Amino acid sequence: DTGVSQNPRHKITKRGQNVTFRCDPISEHNRLYWYRQTLGQGPEFLTYFQNEAQLEKSRLLSDRFSAERPKGSFSTLEIQRTEQGDSAMYLCASSLAGQGEKLFFGSGTQLSVL
Amino acid sequence: GNSVTQMEGPVTLSEEAFLTINCTYTATGYPSLFWYVQYPGEGLQLLLKATKADDKGSNKGFEATYRKETTSFHLEKGSVQVSDSAVYFCALAGANSKLTFGKGITLSVRP
């Protein structure tokens, strides 16, 4: 068990560019979550997968955001036409359904949009 | 919708002091309640949890009791250490284990 891995750790981009983040969950976990955390706030739910199916998306997730989990293993979160307001820490978490709601979090990807 | 309210911070204590961090929640039904901790430079880690009313979660000397009547889940520790310095988040689990977090509170413990 190597934990939840997120790449890159940091991303600096210019406004208007597209960015993509990757999350590798714990291997046997079938649930995967994306959260966003801004300074001084708690993490906010963005979206959730069970296996490869995206089952819920927050209203925070604008049309510029898209997430995939093509084979039910790793996931990607893409932000198109980034805006300065997208600057935040993007957190991924995974869990095993039926194991008591315990989520394991990655260290996150810090996005800075200039 | 679900929400979690934490007391305002930051909190600074001397080593061996008593710690209380307040947390109240609003939710439909009876959600599971959690405290997560984020040490400097690390990811969020589950500290403790409680799944039903009057349950007490405990770990590493920290405790919290699920109080349905006051919709609270206050975190306590009898004697804090410098190594407890971190950001603490209260959270509740809704459908599909989706967590709703409070804003978090930074605890600094002085030697």
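Residue numbers begin at 1 in each chain, while the letters A, B, ... track the order of the sequences. This structure is a prediction, so every number in the text was calculated from the model and none was measured.
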Heavy-atom count check: over 12 atoms from other residues, nucleotides or ligands less than 6.0 Å from Arg15(A) CZ? no
Does Leu39(A) CG have over 12 foreign heavy atoms under 6.0 Å away? no
Is there a side-chain contact between Pro43(A) and Tyr36(B) (heavy atoms, below 4.5 Å)? no
side-chain contact (heavy atoms from CB on, under 4.5 Å) with Ser75(A): which residues, sequence neighbours excluded? Leu32(A), Trp34(A), Phe49(A), Arg69(A)
Mind checking which of residues 78-85 of chain B sit less than 4.5 Å from chain A, heavy atom to heavy atom? none
Top contributor to chain B contacts, counting heavy-atom pairs under 4.5 Å, from Arg31(A), Met89(A), Glu44(A): Arg31(A)
Phe105(A), Tyr35(A), Phe104(A) screened by side-chain contact (heavy atoms from CB on, under 4.5 Å) with Leu44(B), the one that passes: Phe105(A)
Any side-chain heavy-atom pair from Leu46(B) and Leu103(A) closer than 4.5 angstrom? no
Are Leu61(A) and Phe45(A) joined in one hydrophobic group, where the rule is that I, L, V, M, F, W and Y side chains link up if heavy atoms are under 4.5 Å apart? no
Tell me, with the steps shown, if Gln37(A) and Gln38(B) meet side-chain contact (heavy atoms from CB on, under 4.5 Å). CA-CA 12 Å; Gln37(A) 185 178 13; Gln38(B) 190 168 33; 3.9 Å; yes
Is the CD atom of Glu69(B) crowded by more than 12 outside heavy atoms at less than 6.0 Å? yes
State plainly whether one hydrophobic cluster holds both Val4(B) and Leu33(B), where clusters connect Ile, Leu, Val, Met, Phe, Trp and Tyr through side-chain heavy atoms under 4.5 angstrom apart. yes
For the atom pair NZ (Lys102(A)) and NZ (Lys49(B)), what is the distance rounded to the nearest 0.5 Å? 8.5 Å
Joint hydrophobic cluster, Tyr39(B) plus Leu75(B), side-chain heavy atoms closer than 4.5 Å: yes
Hydrophobic clustering (ILVMFWY, side-chain heavy atoms < 4.5 Å, transitive) - are Trp35(B) and Leu19(B) grouped together? yes
Do Met7(B) and Tyr66(B) sit in one hydrophobic cluster, given that two such residues count as connected whenever their side-chain heavy atoms are within less than 4.5 Å of each other, even indirectly? yes
If you count every heavy atom of other residues, nucleotides or ligands that lies below 6.0 Å from Ile12(A) atom CD1, does the total exceed 12? no
Return each pair, listed once, that meets ring pair (Phe, Tyr, Trp, His ring centres under 6.0 Å) where at least one residue sits in residues 77-96 of chain A; pairs must be two or more places apart or across chains. Phe21(A)-Tyr90(A)
Please flag which part of Leu91(A) lies under 4.5 Å from any non-hydrogen atom of chain B: side chain, backbone, both or neither. side chain
In terms of heavy-atom contacts, does CD of Gln80(A) have more than 12 from other residues, nucleotides or ligands at under 6.0 Å? yes
Examine whether an atom of Gln50(A) lies under 4.5 Å from a heavy atom of chain B, and if so say whether it belongs to the side chain, the backbone or both; otherwise answer neither. neither
Checking heavy-atom separations under 4.5 Å from chain A, one finds in residues 101-111 of chain B Phe101(B), Gly102(B), Lys103(B)
